[in-house]
Amino acid sequence: MTPTLRTERLLLEPYVPEDEEDFVSLFQDTRVSRWMGDGPSPEAEDRALFGRVFTKVYAQDLFAVWAVRRDGQLVGHAEIKRTDTVDGHEIIYALASAAWGFGLGTELARAVIAHGFDTLGLDEVHATVAAANKASLTLLDRIGFAHVRDIEEDDGSTTRVLTLRR
């Protein structure tokens, strides 16, 4: 079950069906989606992904997936899940471009990390970040993540694997 988390300025809670348009808008914003997964996807794929949050992730209680809200508005997305890429739990977060530059990314990442350590009982959490995503790399470095290795992707790009230990 995805719990509700609160920070000073953010509310992380399970998505509701009414979030679909805002979810799709977030994922369709190429300034955001260029750093997520394999990059921008067709709108139909983002809508299908939103549907799977309910039919698969929540229905089978696979991992925590949050709608991130500020002042009642959807401003981001977050997850923590086990992945083979890091052989552990990875944090995933994204903020709408209008929410950049206010320290919300740090606040969001810290909330997801705290959930991993305090609720899931993890000793470490990981993040995978495109080497070109300087903003995210700077954020994670600032909160204590250490670079542990690089993954060379099929398209020639590099993904950095970072780890934070309790």
Side-chain angles (χ1 to χ4, degrees), residues 2-58 62-81 83 85-86 89-116 125-143 145 150-151 153-162:
T2 297
T4 297
L5 309 176
R6 295 180 193 282
T7 71
E8 181 180 335
R9 298 174 291 171
L10 300 172
L11 174 66
L12 286 70
E13 62 184 357
Y15 282 100
V16 294
E18 294 78 20
D19 289 326
E20 182 173 359
E21 294 308 317
D22 291 332
F23 176 95
V24 171
S25 291
L26 175 69
F27 279 63
Q28 285 292 296
D29 182 342
T30 56
R31 294 167 294 181
V32 177
S33 62
R34 70 182 285 212
W35 305 120
M36 298 171 68
D38 293 328
S41 300
E43 181 179 334
E45 288 183 25
D46 291 338
R47 288 190 186 282
L49 175 62
F50 184 77
R52 285 192 304 276
V53 167
F54 293 94
T55 62
K56 187 170 183 182
V57 178
Y58 290 162
L62 297 179
F63 52 89
V65 177
W66 292 279
V68 180
R69 301 184 200 284
R70 182 176 188 201
D71 299 326
Q73 300 297 311
L74 187 103
V75 296
H77 172 87
E79 306 175 14
I80 186 167
K81 63 183 179 182
T83 60
T85 303
V86 296
H89 282 75
E90 178 180 10
I91 66 165
I92 298 165
Y93 58 89
L95 284 174
S97 55
W100 295 352
F102 300 100
L104 296 174
T106 300
E107 198 170 314
L108 174 55
R110 284 186 170 144
V112 177
I113 292 162
H115 175 75
V125 293
H126 308 275
T128 57
V129 181
N133 188 346
K134 301 300 183 198
S136 198
L137 290 170
T138 299
L139 181 159
L140 293 168
D141 180 64
R142 187 174 47 246
I143 62 176
F145 276 77
D150 287 340
I151 300 170
E153 302 293 352
D154 292 339
D155 66 1
S157 66
T158 301
T159 297
R160 303 222 185 261
V161 178
L162 303 115

Checklist line | Under-4.0 Å salt bridge between E20 and R47 | finding: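 Salt bridge flag = yes for R47 with E20.
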
Notebook entry, point to check: Are any of the side-chain nitrogens in D141 or K134 under 4.0 Å away from the carboxylate oxygens of its partner?
Noted result: no

Next item on the list: Please work out whether the ring planes of Y15 and F23 are parallel, tilted or perpendicular, with thresholds of 30° and 60°.
Entry: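 Perpendicular, since the angle between the ring planes exceeds 60°.
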
Next item on the list: Kindly state whether the ring of F63 and the ring of H89 have centres lying under 6.0 angstrom apart.
Entry: no

Checklist line | Enclosure of E153 CD (heavy-atom neighbours >12, cutoff 6.0 Å) | finding: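 Atom CD in E153 is packed in, count exceeds 12.
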
Notebook entry, point to check: Where the side chain of E107 meets the backbone of R9, is there a donor-acceptor pair that is under 3.5 Å apart?
Noted result: yes

Next item on the list: Return yes if some donor-acceptor pair links the side-chain N/O of D19 with the main-chain N/O of V16 below 3.5 Å, else return no.
Entry: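 Flag set: sc D19 to bb V16 pair under 3.5 Å.
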
Notebook entry, point to check: Among L108, L95, V65, which one satisfies side-chain contact (heavy atoms from CB on, under 4.5 Å) with H77?
Noted result: V65

Checklist line | Test side-chain contact (heavy atoms from CB on, under 4.5 Å) applied to V129 and L140, L139, T159, the passing residue | finding: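 The side-chain contact (heavy atoms from CB on, under 4.5 Å) with V129 is passed solely by L140 among L140, L139, T159.
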
Check: Do you know which two heavy atoms are closest between S97 and D29, and how far apart they sit?
Finding: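 What the structure gives for the nearest pair is OG-OD2, 3.2 Å.
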
Item checked: Nearest non-hydrogen partners of P3 and H115, listed with the distance ->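 Residues P3 and H115, closest heavy atoms: CG-CE1, 3.4 Å.
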
Checklist line | Gap separating the CZ atom of R70 from the CG atom of L10, nearest 0.5 angstrom | finding: 7.0 Å

Notebook entry, point to check: Taking atom OG1 of T7 and atom CG of L104, what is their separation to the nearest 0.5 Å?
Noted result: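 Spacing of OG1 (T7) from CG (L104) equals 7.5 Å.
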
Checklist line | Qualifying residues under side chain to side chain contact (heavy atoms under 4.5 Å, CB included), relative to A94, sequence neighbours excluded | finding: V32, M36

